[in-house]
Trainee: 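I'd like to ask some things about the structure below.
Chain letters run A, B, ... following the sequence lines, proteins first and then strands; every chain starts at 1.
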There are 2 protein chains.
Amino acid sequence: MVKITDVARHAGVSPSTVSYALSGKRPISEETRRRVEEAVRRLGYRPHVGARALASSRSNVLALMVPLRAGINVPVVMQFAVSVVTTARRYDHDVLLLTQEEGEDGLRRVVDTALADALIVMDVQLDDPRLPLLRGLDRPSVLIGFPADAEGLTCIDLDFRAAGEACVEHLARLGHRVVALVGSPPEVYVRGTAFAQRVVQGFTAAADRGRLASAVHPCEASPAAARAVAEQLLREQPALTGVVVHNEAVLEPLIDAFEELGLRVPGDLSVTAICPDELAESLRVPVTSIALPSAEVGARAVELLMGKLGGKGVPEATLLAPRMTERGSTGRRAVA
Amino acid sequence: MVKITDVARHAGVSPSTVSYALSGKRPISEETRRRVEEAVRRLGYRPHVGARALASSRSNVLALMVPLRAGINVPVVMQFAVSVVTTARRYDHDVLLLTQEEGEDGLRRVVDTALADALIVMDVQLDDPRLPLLRGLDRPSVLIGFPADAEGLTCIDLDFRAAGEACVEHLARLGHRVVALVGSPPEVYVRGTAFAQRVVQGFTAAADRGRLASAVHPCEASPAAARAVAEQLLREQPALTGVVVHNEAVLEPLIDAFEELGLRVPGDLSVTAICPDELAESLRVPVTSIALPSAEVGARAVELLMGKLGGKGVPEATLLAPRMTERGSTGRRAVA
DNA sequence: GCGTGACGTCGAAGCGCTTCGACGGGCGAA
DNA sequence: TTCGCCCGTCGAAGCGCTTCGACGTCACGC
């Protein structure tokens, strides 16, 4: 193994000079830096991370805790993780993988043992058991998603309120005047995460603002429930021409139900969704949708962490602007 | 931060004794061990991994390199990764996540910097560019999948040959006498990975052994190709009643095509596949299938690595026995 | 011409742990 | 009884790096 003293000898300087030349923490003459870099290259020197961590109390490792729960979208998580790793590497950091299963103990462990400098926690619940720990820790962390009380925590997520608004505005722009939101299962609005409510708020606000007639229907995650909701909608809002779906599981069955009830998509009914692109693309009728921008969330999460590690102040809340992808499921309202 | 000297003081012993008491590398009296453990608990002592790594040249970290390529099955990778992490934790190790993108340099980096003690490499190609590096490294590694030349490498994967055989045997047991294999796209058999060929070998061997009439058809990953293959099969093997599909992309379109051609599954035609369970379950006709046992592969990979790290000899090749899950797509051959 | 700083470099200390050699005491064998 | 050995423990060295204080040099201002 080639070590810093080897480099120092070859460059004709002291080890500390090598360290400063490589870290830039003290001014080093152009000439010396060149010689050091040359020696590093020739010898293929790689600092020993353990030694570095011990001396500097920085491990250059971020811990990423990924969810295991059923019902989470695996490709989205994976995309996120890859984005975190890729971005972390740009800042010369590596990523340690933790599973939700390890819980608070896992987070505490990697911090206490100085394995990780900072934490990224996914799938944050409204009242997440990890919150007190994260608040108390002296290491920076970033949460993906917003808990009920985000005070003192750095959180990032898609701006679900804006996403709800964007869906309505898109439909309004196409001339639709009567819209409905088919939302998540009822229990999601109670406990679970905050984003479901935010979508409802955005949906309602935008509908009111645009003077659209609107209704909101939570929906269980079953085809039967989808069918029931479809029927109910047509009964209660006979003039309905625009639907926003925020419920991955029923998107397809819902469209099927509408078509069985005699409504063509997008001919009679425009449908737009908040769901992963993969799902929206794969349907028989590709659906105009807003996706969770997982790659962007991952990258931004790392950047926030790097800001905090660098002692910079970072915003506590980061809401990512929704981006809509138009596919085949929305169109101008047919004028009867 | 509480360190080993603190524990030593509280337990009334020297730091080295604490170290030995915790590692078990030297005999320590019952009484002393108890006092040390008590002090550890009271103080909440956690060894500093950097210091430990520096002194022992063991980081207790495994690096896992995951594929990014389009066409790989994300949930399978994720399941594998989670299994690796979970198993690693049982051996008091953590897992560092690397992306394929980082390639050989990434592997070399984590080894040279002593970040990782060992490597797990997924999605191994027949002629993988990482092979020379892995062979030359002084750290143990395990490959998921088999390259063309596995000499000197430790590899693990599903036994695809046995999987091919199992499919045929299952069909034979149900009375089918004429079978066909719909395989991967032709290019997969050329470069790519070895498993496709292994399936063919197993399929053919089992068919011959059972004196079944059989045929093998590679198939492009498009519904049109699926349709064409279905038509061709019926033309060339009119008595066909059993099909094995080893091609995720065409499984669904192929079944659709058969049904459109007037063959009911499983009434007229039994279909079995080698594909992820998720896919097999989600089809209109749930398909009897053999899945890649990703959790088991992950766990075994870690165990192999631990064996190597412990200086034990481990088998170079590990082939996992296929396990078939019967779903609705196979049945007894209808006797006309 | 001399004090003052900034610049560039060095030496040494120390980060927290493991491990090696040594050592005292107890015990069995001779 | 004595020798040798093993058991249990200690002290010290050292893993490879960063960082702090110190020091010499040079340029500048007065």
Trainee: Donor-acceptor check, side chain of N60(A) to backbone of D94(A), threshold 3.5 angstrom: yes or no?
Mentor: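 Here the side-chain-to-backbone pair does not exist.
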
Trainee: Which residue lies toward the 5' end of DNA chain D, V2(A) or R26(A), if each is placed at its nearest nucleotide?
Mentor: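 Upstream on the strand: V2(A).
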
Trainee: Please determine if E38(B) and R42(B) form a salt bridge, counting it only when a charged side-chain N lies under 4.0 Å from a carboxylate O.
Mentor: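 Between R42(B) and E38(B) there is a salt bridge, with a charged N closer than 4.0 Å to a carboxylate O.
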
Trainee: Nearest-Å distance, CZ (R9(A)) to P (dG16(D))?
Mentor: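 That distance rounds to 13 Å.
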
Trainee: Is a donor on one side and an acceptor on the other found under 3.5 Å between the side chain of S59(B) and the backbone of L115(B)?
Mentor: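 Yes; at least one donor-acceptor contact below 3.5 Å.
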
Trainee: Would you say S19(B) places a side-chain N or O within less than 4.0 Å of OP1 or OP2 belonging to dT18(C)?
Mentor: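 Looking at the OP1 and OP2 atoms of dT18(C), one of them is under 4.0 Å from a side-chain N or O of S19(B).
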
Trainee: Measure from CD1 on I28(B) to C1' on dT19(C) and round the result to the nearest Å.
Mentor: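 So the CD1-C1' distance, I28(B) to dT19(C), works out to 13 Å.
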
Trainee: Can you pull every protein N or O that's under 3.5 Å from an N or O on nucleotides 11-13 of chain D?
Mentor:
| residue | atom | partner | partner atom | Å |
| --- | --- | --- | --- | --- |
| dG11(D) | N7 | S16(B) | OG | 3.4 |
| dG11(D) | O6 | S16(B) | OG | 3.2 |

Trainee: Could you say whether G12(B) or S56(A) is positioned toward the 5' end of DNA chain D, judged by the nucleotide with the nearest heavy atom to each?
Mentor: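 Nearest nucleotide further toward 5': that of G12(B).
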
Trainee: Without swapping roles, check the side chain of T113(A) against the backbone of R109(A) for a donor-acceptor pair under 3.5 Å.
Mentor: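 Confirmed, T113(A) side chain pairs with R109(A) backbone.
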
Trainee: Are any of the side-chain heavy atoms of T154(A) and P140(A) separated by less than 4.5 Å?
Mentor: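 SC-SC contact between T154(A) and P140(A) ruled out.
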
Trainee: Taking only heavy atoms on the protein side, list every residue of residues 39-55 of chain A lying under 4.0 Å from any atom of DNA chain C, sorted numerically.
Mentor: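 Only L54(A), A55(A) qualify.
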
Trainee: Can you confirm whether E31(A) is buried at CD, in the sense that more than 12 heavy atoms of other residues, nucleotides or ligands lie under 6.0 Å from that atom?
Mentor: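 More than 12 within 6.0 Å, yes.
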
Trainee: Atom CD1 of I4(B) to atom C1' of dG16(C): distance rounded to whole Å?
Mentor: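 I4(B) atom CD1 is separated from dG16(C) atom C1' by 8 Å.
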
Trainee: Identify, between S29(A) and K25(B), the residue whose nearest nucleotide on DNA chain C lies closer to the 5' end.
Mentor: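 Looking at the nearest nucleotide for each, S29(A) comes out on the 5' side.
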
Trainee: Whether the S16(A) and S19(A) side chains hold a donor-acceptor pair (N or O, under 3.5 Å, no angle test) is what I'd like checked.
Mentor: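 Distance-only check fails for S16(A) and S19(A).
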
Trainee: Please give, in whole Å, the distance from dC15(C) C1' to R58(A) CZ?
Mentor: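 In whole Å, dC15(C) C1' lies 15 Å from R58(A) CZ.
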
Trainee: Before giving the answer on side-chain contact (heavy atoms from CB on, under 4.5 Å), spell out for E101(A) and R89(B) the whole-Å C-alpha distance, their side-chain angles and the decisive distance to 0.1 Å.
Mentor: CA-CA 11 Å; E101(A) 192 188 28; R89(B) 288 300 310 138; over 6 Å; no

Trainee: Report yes or no: is there a donor-acceptor pair, N or O only, under 3.5 Å between the side chain of R35(B) and the base of dG8(D)?
Mentor: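 Side chain to base: no pair below 3.5 Å.
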
Trainee: Is a side-chain donor-acceptor pair under 3.5 Å present for T86(A) with S83(A)?
Mentor: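 There is no such pair between these side chains.
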
Trainee: In whole angstroms, how far is the P atom of dT18(C) from the CG atom of L22(B)?
Mentor: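 My rounded result for the distance is 8 Å.
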
